[in-house]
J.: 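Below is the structure I would like to discuss, written out as structure tokens.
So that the names make sense, note that chain A is the first sequence line, chain B the second, and so on, each numbered from 1.
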Number of protein chains: 2
Amino acid sequence: MTTPGRGLHGRVLDSLGPAITAGEYPPGSVLRTDELAKDFEVSRSVMREAVRVLESMHLVESRRRVGVTVRPKAAWNVYDPQVIRWRLAGADRPQQLRSLTVLRSAVEPIAAGLAAKFATAEQCAELTECAIGMVANSRGHKLEAYLVHDVAFHRVILAASGNEMFARLGDVVTEVLAGRTHHEVMFEDPDPAAVTLHVQVAEAVREGDALRAETLTREITVGALQELDILAP
Amino acid sequence: MTTPGRGLHGRVLDSLGPAITAGEYPPGSVLRTDELAKDFEVSRSVMREAVRVLESMHLVESRRRVGVTVRPKAAWNVYDPQVIRWRLAGADRPQQLRSLTVLRSAVEPIAAGLAAKFATAEQCAELTECAIGMVANSRGHKLEAYLVHDVAFHRVILAASGNEMFARLGDVVTEVLAGRTHHEVMFEDPDPAAVTLHVQVAEAVREGDALRAETLTREITVGALQELDILAP
DNA sequence: GGAACCAAAAAGTCAGACTTATATGTCACA
DNA sequence: TGTGACATATAAGTCTGACTTTTTGGTTCC
């Protein structure tokens with residue numbers, strides 16, 4: 001999905017980042033740069049660059065005479081795609097999946113409404129294609145192919161909303177959907193009702209019916225919430 | 001609001017970051033590390049650390065034999081608080097304000113609904129205090145004091161939602177509200193209807209009425225959208 | 001015209017010396 | 001006994017220079 005280990009400092013991050021988000025170094029832990037450098041067998045300059053990046057993610061704080069302190073989870077930049085990936089890969093996975101799904105349930109309906117208003121003809125076509133692809137792979141244990149179209153569908157919706165911040169959630173949604181299919185139990189074919197909803201959203205967007213697109217998408221996300229037992233009574 | 005210029009590399013960031021987000025170096029521009037180091041009168045190591053941070057924000061990409069390339073806006077980590085601050089401070093301000101307000105309009109109603117279910121007694125009390133503070137400063141050109149309570153109100157809602165990702169939007173909302181009051185035209189007292197809505201939201205949350213809290217908050221955010229001429233017909 | 005090759009350019013890496021801020025302990029004095 | 005000033009050790013921060021590695025773009029030769 002993303003470029004791992006860009007350079008030496010990147011490999012350090014790929015190792016240190018997940019360790020922190022997984023709570024291996026609990027908040028308040030103090031690390032020392034040159035000790036880390038020794039542990040990871042890299043020069044101090046490389047380790048310093050890695051620490052700087054972690055600092056920009058608010059995962060750690062570097063202070064003179066003290067060291068590199070791990071910050072509490074509440075301070076983390078939980079929207080950083082890399083942090084999200086690290087958390088999804090570790091012990092934090094369930095919580096991360098829940099909060100992301102709740103975020104989706106807030107954002108996607110609004111995005112769909114905006115998409116109905118602002119989507120280009122090309123995006124409408126893409127959307128329809130995705131919906132068709134989902135239908136075509138909705139039966140017969142072709143989950144992999146189904147997922148590809150499902151992911152693409154949601155990405156197009158977010159991009160077509162015309163809101164840059166919504167658009168940037170495409171990666172996040174991708175991770176969530178991919179995770180749901182790959183890691184969770186998902187032997188059966190997708191819910192036919194959900195497939196229909198996607199087709200109908202594509203319709204509504206094409207017809208410029210913002211309210212309908214929003215409502216239908218809300219139904220989709222409610223389904224996603226229910227899958228994770230996040231009830232919305 | 002946040003710590004500016006933490007160390008030498010921080011000061012470089014405070015200068016280079018805004019320049020990039022403002023489009024001073026358009027996407028595709030190629031910078032060279034040691035040239036930058038010379039320009040900013042810092043050592044290469046310091047400049048490298050700054051570049052690493054910019055890279056982690058997806059503002060630039062560093063490649064061997066090529067240099068440091070500025071990435072297109074679509075790649076930027078627009079959820080990074082620092083990037084948001086840089087954009088709000090520069091030419092991108094209007095667009096940034098719009099997309100943030102749309103994001104708010106998606107997230108806050110859901111957050112309010114969750115808050116109605118999960119807020120602690122303490123948070124309910126805080127919320128009521130904020131609402132009272134808003135009422136008390138709603139007339140007589142006491143906008144500064146009004147704003148303080150307004151901001152606090154929305155932060156509590158987001159925090160009380162129990163969703164870590166919503167909670168982290170508190171800073172963002174703060175920036176938006178502060179910006180609206182300080183930079184935009186806002187001579188008159190706040191809309192009395194909006195004040196009432198806040199009071200009612202506090203009520204609904206206290207009573208655990210999720211649906212009402214959500215609906216009322218949606219009315220608040222619709223108002224925010226209208227202020228920016230973002231119509232939602 | 002295309003494939004193999006070469007050279008330059010820029011980032012990447014490392015090691016070592018030095019500077020600076022600061023937490024903490026010490027000691028004198030009240 | 002408590003409090004303030006001061007000294008000291010510590011770890012991050014900074015700078016410099018040498019070296020390595022990757023990659024691009026041109027050049028040569030078939």
J.: Do A:R168 and B:N77 have side-chain N/O donor and acceptor atoms under 3.5 Å apart?
T.: yes
J.: Under the rule for ring pair (Phe, Tyr, Trp, His ring centres under 6.0 Å), what residues qualify as partners of B:Y79, not counting sequence neighbours?
T.: A:Y79
J.: Could A:R52 and A:E55 be called an ion pair, given the rule that one side-chain N must be under 4.0 Å from one carboxylate O?
T.: yes
J.: Using the heavy-atom set of chain B and a strict 4.0 Å cut-off, write down the first and last nucleotide of DNA chain D that makes it in, 5' to 3'.
T.: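 It runs D:dT14 to D:dT24.
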J.: Counting only side-chain N and O atoms of B:T33, is one of them less than 4.0 Å from OP1 or OP2 of C:dA11?
T.: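 Affirmative; the distance criterion is met.
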J.: Going 5' to 3' along nucleotides 20-26 of chain C, which nucleotides have protein heavy atoms under 4.0 Å from the base (write B), which only from the sugar-phosphate (write S), and which from neither (write -)?
T.: BSBB---
J.: With a 4.0 Å cut-off on heavy atoms, is A:R52 in touch with a base, just the backbone sugar-phosphate, or nothing at all?
T.: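 A:R52: backbone/sugar contact only, no base atoms under 4.0 Å.
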J.: Given C:dG12, is OP1 or OP2 found less than 4.0 Å from the side-chain N or O atoms of B:S62?
T.: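 So the side-chain polar atoms of B:S62 do come within 4.0 Å of the phosphate oxygens OP1 or OP2 of C:dG12, strictly under.
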J.: Any salt bridge between A:D171 and A:R155, counting N to O under 4.0 Å?
T.: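 Salt bridge between A:D171 and A:R155, a charged N being under 4.0 Å from a carboxylate O: yes.
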J.: So how far off straight is the helix from C:dG1-D:dC30 to C:dA30-D:dT1, going by the axes through five pairs at either end, to 10°?
T.: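 So the angle between the two local helix axes works out to 10°.
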J.: Who passes ring pair (Phe, Tyr, Trp, His ring centres under 6.0 Å) against A:F153, sequence neighbours left out?
T.: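 Ring pair (Phe, Tyr, Trp, His ring centres under 6.0 Å) check on A:F153 returns A:H198.
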J.: I need the full list of ring-ring contact (aromatic ring centres under 6.0 Å, His included) pairs touching residues 86-132 of chain B, with sequence neighbours left out, sorted by first then second residue.
T.: none
